[in-house]
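Structure first, commentary second.
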Amino acid sequence: MDLNYTDEELAFRDEVRAFFDEKLDKDLANKVRLGTGLSKDDMEGWHATLNAQGWLVPNWPAEFGGTEWNAVQRHIFDEESARYHAPRTVPFGFSMLAPVLHKFGSREQNDYWLPRMLDGTDWWCQGYSEPGAGSDLASLKTKAVREGDHYIVNGQKTWTTLGQHANMIFCLVRTDSTVKQQEGISFLLIDMDTPGVEVRPIILLDGTHEVNEVWFTDVKVPVENLVGEENKGWTYAKYLLTHERTNIAGVGYSQAGIATVKRIAKSEMSGGKPLMQNPHFAARVAQVEIDLMAMATTNLRIISRAADGAAPGIEASMLKVKGTIIRQEINDLARRAVGVYAMPFASEMVEGSNEPLPDPHDAGPLAAHYFNNRKLSIFGGSNEIQRGIIAKVSMGG
Amino acid sequence: MDLNYTDEELAFRDEVRAFFDEKLDKDLANKVRLGTGLSKDDMEGWHATLNAQGWLVPNWPAEFGGTEWNAVQRHIFDEESARYHAPRTVPFGFSMLAPVLHKFGSREQNDYWLPRMLDGTDWWCQGYSEPGAGSDLASLKTKAVREGDHYIVNGQKTWTTLGQHANMIFCLVRTDSTVKQQEGISFLLIDMDTPGVEVRPIILLDGTHEVNEVWFTDVKVPVENLVGEENKGWTYAKYLLTHERTNIAGVGYSQAGIATVKRIAKSEMSGGKPLMQNPHFAARVAQVEIDLMAMATTNLRIISRAADGAAPGIEASMLKVKGTIIRQEINDLARRAVGVYAMPFASEMVEGSNEPLPDPHDAGPLAAHYFNNRKLSIFGGSNEIQRGIIAKVSMGG
Amino acid sequence: MNFELTEERQMLQDTLRRFLSDRYTTETRNKILDSESGMSAEIWEQLAELGVIGALFTEDQGGFGGMGFDIAVVFEELGRAGVVEPFLDGALLCGRILAEAGDTDRVEEIIGGGLQLALAHGEPTSRYDLNRVQTTAKGNVINGRKAVVMNAEAADVMIVSSRTSGEVGEKDGITLFAVEKGAKGVTMQGYPLMSGGRAAEVTLDDVEGTVIGEEGKGYALLESANAAATVAQCAETLGAMHTAANLTKEYLMTRKQFGRPIGTFQALAHRMSDLLIEMEQATSAVTRAAGYLEADAKMRDMNIHAAKNLMGRAGRLVSEEAIQMHGGIAMTQEYELAHIAKRITMSDHRFGDTDHHLEKFIALSAA
Amino acid sequence: MNFELTEERQMLQDTLRRFLSDRYTTETRNKILDSESGMSAEIWEQLAELGVIGALFTEDQGGFGGMGFDIAVVFEELGRAGVVEPFLDGALLCGRILAEAGDTDRVEEIIGGGLQLALAHGEPTSRYDLNRVQTTAKGNVINGRKAVVMNAEAADVMIVSSRTSGEVGEKDGITLFAVEKGAKGVTMQGYPLMSGGRAAEVTLDDVEGTVIGEEGKGYALLESANAAATVAQCAETLGAMHTAANLTKEYLMTRKQFGRPIGTFQALAHRMSDLLIEMEQATSAVTRAAGYLEADAKMRDMNIHAAKNLMGRAGRLVSEEAIQMHGGIAMTQEYELAHIAKRITMSDHRFGDTDHHLEKFIALSAA
């Protein structure tokens, strides 16, 4: 065992740092740091910058543009990415659909869709959840009926993140209602410009428009947009849920979050002294910092065992649960830290604004982030679902 | 609402204090304070003192010796009792069997058994739990078969507290195996001197002998020792479990425990200052103190609503859960407080000894108490069982 | 010792609960939240008529209550309904200051519902410390900056704390001034608040005011009003927690997954029961804080610090668990719980947070 | 960066695990616990032969390991089996001091298993502070009182810290002395320990010793040995936690209630999974503490403080939850878990508890 970076790893880190120093726009990084929200242009611009460098899709096979980084290199990239406040890439195409296409898609599908992801032609979103289904994914009701060389899709998806920006959606749809719940599901790619697709915004409790409902009314989808075999979609979805979980622990985000909390607590005054010198606040920070140090190592231990740098099933669940607990705790510390200035709120604060924030910490949206990030333990398989998986697998029950 | 004691209540408190000042032996109180364990003589002596005062069985009907105190008076007595480090009365006869006899026993049974409890002729223990049954009480296997004017009892009870001192045991036994689990159970009083009764000690993890196994081999029990009707024992047991729960929150014990922790932390030094001035330790103490203040009021709110001064079903479960959490937290604080001196341990420390303890705090058995009191959340209906009751009743599920 | 509400308070509670559940619906409130002023003058008037404000003052002061238990009853109901109108700041906090300073005229107007007030006390670096005042006044002329002044824009009169002597952090030498709406030299940067209502950053540049009470003796007024306001805040949060818990219970028994109500899944059932236990604890903490508001200062403050600390912890548990057990629906702005959870959480940022009160409790408990 | 054990360490781990699971059964251990000496000389010898002690020292010092990861591998296995023989105090802690002081002869004896040692350092009022020494020495003559000296009665040589200059609490001026068994003026009040083994209160009344290392420079030796011992303690606790978790998993799937294994009840299943998550965290904390034992002092200490703090919290969770999920059976002395839970809990009382290390971490993290 050796916890130190090798010379090669240090050299790679220098390369990554040089890239961020040169190519990451300062205003963009500042938006990320303050959490004031990114526009579609911001995100597409950053995708283009990474693509020009060949670093947009590290986890893809080399032939399609992957970097073939090992687990430590991926970790270094993620860590530096967070440290520099680089935007996170939008994962739905790059990290979620692409691996399914690599594994189960046809050669034609890969050749057609992957380049369009890289150059930004398509913005993908995910159509899994449905109203009333929640974590019980297999009970989905959106139907696709084959008619000639098309499927006719009817139904509704929800919690579709950034669906307002997307032109393409990958969906789980029911193609057979006569068999057991999980057996009649197919995996379909749907052009959102097709007549009958409607996107309706859902405003989250912090006032942001981040997720959507997507409605399908007699939407015609060409059969070549079926991935893999009909009625095997559940297998592909499960593959996605259990395999492609890079950066699930969100270590870098938490590290950046703690840095923000400390920065604030060094200038915020309490009883005439910096808040950071208050033993009770310092204890809260230290506890989560200690937990995070351990989790960073847990993350590395786990992903370094996996050949593809993605955490396998039960470990992914563990990282998800602990990772969200830590991130949410940091969000809680941040809202505590700013004291009375956690109260002011206007949605402009989280959706990009040039107005100066009223508080002395430039930290207007911190309470909003606290509320927004309650989603971390709910979406993407709630922490309750993850705990069930951990118990079942580890006890063989 | 009024949180202050009335003049009458204050006068009652003075009366209670005068009694403890006069009648509570200082050495006995000191044993209770240090938690070094009481002998059978100690306990019987204290019962006799209380009986002479007429305060041994406050919750009984007046005709059998009850005091007819209201909820606030009971609370005052319990609070002062803990403050003076008076021993707790052994509850099995006074608070557990007696209410069942009052409600379901025959006049003859009441007339015969109750005076024997008061004057100490009988020491009762409880025969509910069986190996392998745990909280699933209704699955009990100990059998009683009617033969003429006797039952023949065979089986085994476990976790019988202070069974080594007892001459009588009240038992749940199965008298009909052909009906549903809960329907064939009877409530039987068994003389432990009867041939075929054997008591075997169970040594707890802190080295103390507090609980026992009780084995029955062809034990003859006269039919007049059946309480109520045959096969109705489950009703009586449930009555007991949901009704007679006085002092379930253990407020007084927790208050005394916090006083001990503070006393230690004022003399124990850490970094050259009293531990009590350490902000992290002080925070732990303050949190539990705040919780305890609230629980004392929760306890009063609840029992003052109940005519008989005993907490009803769901509230009793709440007091049990929160009460044990607080007591166990205080036990944990105590073991923390003494630092390295938590380590020395000899069973003499908890079973009464005149040897000087090695540590400067006279607090040798604190770690032992921490371990011993893990039982609080397990025995008498585990906290998991209580949580289930609370959820079921409050959500009507 | 007894734990029954008096008949009068029971009536007030019933009246308020009925009125608010009929009239202060989620839709009504969402309209108020979206409005420019962030409050409804109509609701303010109607509640004043029902005696919401009068209950906060003693008969001597022109009201019909004024004890801790009166305050608790009123604010628990306002909290249940997630009322955003600034009764706490505008009526109770400022009203108490004026009442203790003997300004019976203004108190009468407040009770009638005809006067809006704001307390401009906290400053950008004072956090939760009541004694840190850097705004200064020479004679009647005030200069300084006040932070997150609740209800500032709507206030007819603003009570401004200023240092007229002594060092920053000293209790002596703080003077309270009344500054009329539109006074020269006052500038405001207003904004909406996370949990509803509005506040502003207030800059005072040679502003003239009139002294309230005695010069240099403002701290005592602030401290006493602050104690009452903290009790009100705790009671309001308790009310909101009741709503969160009730919504959650209902949801757990309505919503099905894998074919059964999710509340019958043991993990959620046990967590719900822990939540209900903490609700009992919170109720007790508020009862104590209210019941000892008229006690001697140490007893009063011990119980207020204890309550605010406990409410911070229990509130966090209840709002986070309520959201988590609901799942996605609780993340949407239009669902009732969203607003309620924000009220609960943001209450930790008023009158001192969990840690602030823990420290104060430790100091008193050791003394 | 890599997380694979070297082949040598893997072999050592396998050997130890096999030996201990074959030979150090619950029955064997219970006999040892009941014995007067509280330890087995035979087990000591056999483990020394297997290289348990040699692995704790570098080749220069006569061993074949001595790095943080070597220490962690050895003590994790000893912890898994709940071994009560005092390898931590007698071999590692004291051996490190002697090795750094250059006493190669005694280190050789230790490695061979032929020498028992004890460190008499802590005092009745020093709690977990390494620098508080009130025992004094003039020349070679020592006077003072030492608290809870592990392995004191069995030790052939006792290392005694004494102040030869400076004030109580200063790091400079602490001198270490070797005191031979049976030295005049030494009195001991011995007692068994909650988690097995024995210790004693030691009084020194004009006791003669010989200086170890340099006079007045004992603190550096103590600090460095203490760091290694803390890593060992964390690893030992981790091993014990593994055993507690495994016993619990097994029990949950074996024991039935209401007709099904209790581990399939969701509330217990979810709590078990939280416990397993904390086991991963604990493993990482120990990995870091071991991996940075040879790093610069700040990096080393940050990670050791972090680890000991985390182990205190995770250990409490695991031992309390293991007992609770077992129910009654875990309360009995004869069941394996009882001893293991005591080892876990009492480890919080050695080399500084959770709060002690939190404070130290805060100080370093702010620096």
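Predicted model, so just to flag it, every value in this text is computed and none were measured. Proteins get letters first, then strands, A, B, ... in listed order; numbering begins at 1 in each.
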Return the [atom1] to [atom2] distance between [X] and [Y], rounded to the nearest 0.5 Å.
X	Y	atom1	atom2	result
B:Arg336	D:Asp348	CZ	CG	5.5 Å
B:Glu210	D:Met331	CD	CE	7.5 Å
B:Asp206	D:Gln333	CG	CD	8.0 Å

Partner residues of B:Arg200 under the salt bridge (Lys or Arg N to Asp or Glu O under 4.0 Å) criterion, sequence neighbours left out: B:Glu198
Given heavy-atom pairs under 4.5 angstrom as the criterion, report whether the side chain, backbone, both or neither of [X] touches chain D.
X	answer
B:Arg387	side chain
B:Asp332	side chain
B:Ala337	backbone
B:Phe379	side chain

Contact leader toward chain D among B:Leu275, B:Thr158, B:Val211, B:Ile202, where contacts are heavy-atom pairs under 4.5 Å: B:Leu275
For chain D, the option from B:Gly339, B:Gly388, B:Pro279, B:Ser267 that forms the most heavy-atom pairs under 4.5 Å: B:Gly339
Nearest non-hydrogen partners of D:Ser319 and B:Tyr370, listed with the distance: OG-OH, 4.4 Å
Set of residues satisfying side chain to side chain donor-acceptor pair (under 3.5 Å) with respect to D:Asp129, sequence neighbours excluded: none
